Amino acid sequence: MELTNISNIKSLLSRHGFSFSKSLGQNFIINPSVCPRIAEQGGCSKSTCALEIGTGIGVLTKELALKCEKVVAIEIDKSLEPILNETLAEFNNVEVIFDDIMKIDLSKLFKKHFDGKDVVVCANLPYYITSPIIMHLLESALPIKSITVMVQKEAGERICADVGTRESSALTVGVNYYSSPKKLFNVTRGSFVPSPKVDSCVIRLDIKESDSLKLENEDLFFKIVSACFSQRRKQISNPIAAVFKIKKDRVAEFLKQANIPVNSRAENLKMNDFVSLYQVFLENEVY
Ligand code: SAH
């Protein structure tokens with residue numbers, strides 16, 4: 001069954017009495033060119049396994065199953081189960097697990113399903129938890145090669161912005177710490193049912209080798225980054241002083257030691273500036 005055909009989708013959903021949940025971010029792809037492109041540019045191959053998040057009716061799942069050795073998909077909405085039993089019936093290399101991506105034990109899942117295999121993540125993400133999902137996957141230190149995801153257009157552009165530019169955010173720094181992000185292509189709002197209020201884009205995060213930049217105290221690094229961006233257009237010394245409960249002249253001293261002008265804003269700092277500042281905090285044992 002062609003899963004991007006709107007009348008097929010309507011009859012499938014009504015036969016199963018399914019109704020869309022806005023709060024679960026359910027917008028299903030109906031543009032037939034999108035899923036093949038995600039699978040292709042997401043690095044799928046017959047010797048690769050894919051982890052999908054949020055199957056919907058299985059339109060991307062199907063494409064991944066055709067191109068990959070094996071697909072494990074996590075879907076929170078159990079009411080999609082009878083639909084997926086029907087749409088994915090022809091595939092014996094797909095397993096759908098009904099659970100919450102934020103709660104499931106991913107290292108256990110990887111051991112069980114992907115042990116020793118190359119794994120890519122491909123998904124049309126539920127937009128209400130885009131950033132938490134991306135950071136969760138990156139922080140879990142899973143053996144993943146890349147993460148290729150559909151996100152809201154603005155979110156994608158922020159993630160793919162260069163660190164140290166006006167568009168950058170704490171998420172940009174976080175993503176760049178673990179990976180090299182790249183915007184792949186835009187997807188218009190009319191490519192989904194129901195149609196969301198914003199356009200989307202597909203991005204790919206190529207995971208860095210684990211020995212590239214590995215800081216001893218990542219919590220401290222991210223605490224500094226999030227402090228700096230908590231008032232993103234303001235000078236960083238105020239929020240740093242507030243978050244770490246230290247005097248402003250001590251912050252000024254730290255910034256000087258890290259070679260960062262005291263009037264800097266978060267959007268002016270490059271990755272190596274955040275790292276230098278982190279090292280000064282570490283040396284001074286301010287956590
Ligand atoms: N991949 C499908 C569906 C995308 S919509 C398509 O492109 O057509 C997003 C999907 O994510 C929905 O099926 C929704 O139920 C699911 N989802 C939402 N929150 C989730 C969570 N926390 N864990 C796993 N899946 C989730």
Side-chain angles (χ1 to χ4, degrees), residues 1-6 8-10 12-13 16-42 44 50-68 71-88 91 94-106 109 120-137 140 142 147-153 155-156 184-203:
M1 189 199 297
E2 185 49 73
L3 292 182
T4 50
N5 177 300
I6 192 77
N8 284 353
I9 298 175
K10 281 195 175 141
L12 177 73
L13 297 183
H16 289 280
F18 176 86
S19 47
F20 287 96
S21 158
K22 209 173 169 182
S23 62
L24 288 178
Q26 292 179 337
N27 299 97
F28 300 165
I29 295 173
I30 51 166
N31 178 335
S33 72
V34 172
C35 294
R37 289 178 81 188
I38 294 178
E40 258 156 50
Q41 299 189 40
C44 292
L51 173 71
E52 188 192 359
I53 300 142
T55 58
I57 59 171
V59 62
L60 177 61
T61 324
K62 232 174 146 169
E63 204 55 47
L64 299 173
L66 287 170
K67 294 203 168 72
C68 291
V71 183
V72 176
I74 300 162
E75 169 56 59
I76 201 169
D77 187 353
K78 195 96 169 74
S79 75
L80 287 164
E81 189 170 19
I83 296 179
L84 292 163
N85 283 340
E86 187 177 325
T87 58
L88 301 174
F91 298 99
V94 178
E95 181 146 353
V96 182
I97 300 171
F98 291 92
D99 208 330
D100 182 338
I101 182 64
M102 300 304 289
K103 298 200 177 129
I104 194 167
D105 184 337
L106 285 172
L109 182 147
V120 295
V121 174
C122 289
N124 171 17
L125 287 183
Y127 293 167
Y128 74 105
I129 41 168
T130 297
S131 315
I133 292 178
I134 291 177
M135 285 315 291
H136 182 56
L137 291 172
S140 316
L142 301 162
I147 301 176
T148 303
V149 282
M150 174 99 70
V151 298
Q152 281 188 13
K153 194 158 171 252
L184 298 179
F185 56 90
N186 289 330
V187 180
T188 58
R189 63 195 76 184
S191 301
F192 303 87
V193 63
S195 171
K197 288 197 179 68
V198 289
D199 291 323
S200 298
C201 70
V202 176
I203 61 171

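Each ligand, and each atom within it, is numbered from 1 in the order the structure gives. Index from 1, following the sequence. For the numbers below, each heavy atom of this structure counts, side chains included, while hydrogens, waters and symmetry mates do not. Note that the coordinates shown come from a computational prediction; the quantities given were computed from them, not determined experimentally.
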May I ask which of [options] has a heavy atom nearer to [atom] than the others do?
atom	options	answer
atom 14 (C) of ligand 1	Glu75, Met102, His136	Glu75
atom 3 (C) of ligand 1	Cys122, Pro132, Gly56	Gly56
atom 5 (S) of ligand 1	Gly25, Gly58, Ser23	Gly25

Would one find an N or O of [X], backbone or side chain, under 3.5 Å from an N or O of ligand 1?
X	value
Leu80	no
Gln26	yes
Ile101	yes

Counting heavy atoms under 4.0 Å, the part of Asn27 that contacts ligand 1 is backbone
Show the atoms of ligand 1 that are less than 4.0 angstrom away from any heavy atom in [X].
X	value
Ile129	22 (N)
Ile29	6 (C), 7 (O), 8 (O)
Thr55	1 (N), 2 (C), 3 (C)
Val59	6 (C), 8 (O)
Tyr128	18 (C), 19 (N), 20 (C), 22 (N)

Could you check if a side-chain atom of Gln41 sits within less than 4.5 angstrom of a side-chain atom of Val202, using non-hydrogen atoms only? no
query: Does Ile104 reach the side chain of Leu106, with side-chain heavy atoms less than 4.5 Å apart?
result: yes
I need the nearest protein heavy-atom contact for [atom]: residue, atom name and distance, please.
atom	answer
atom 7 (O) of ligand 1	Asn124 ND2, 2.7 Å
atom 22 (N) of ligand 1	Asp100 OD1, 2.9 Å
atom 17 (N) of ligand 1	Ile76 CG2, 3.7 Å

If the contact criterion is a heavy-atom separation under 4.0 Å, does [X] count as touching ligand 1?
X	answer
Asp99	yes
Phe192	no
Glu52	yes

Exercise. Please answer whether the main-chain N or O of Lys153 pairs with a side-chain N or O of Asp199 as donor and acceptor at a distance below 3.5 Å.
Key: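 Looks like no, no N/O pair under 3.5 Å.
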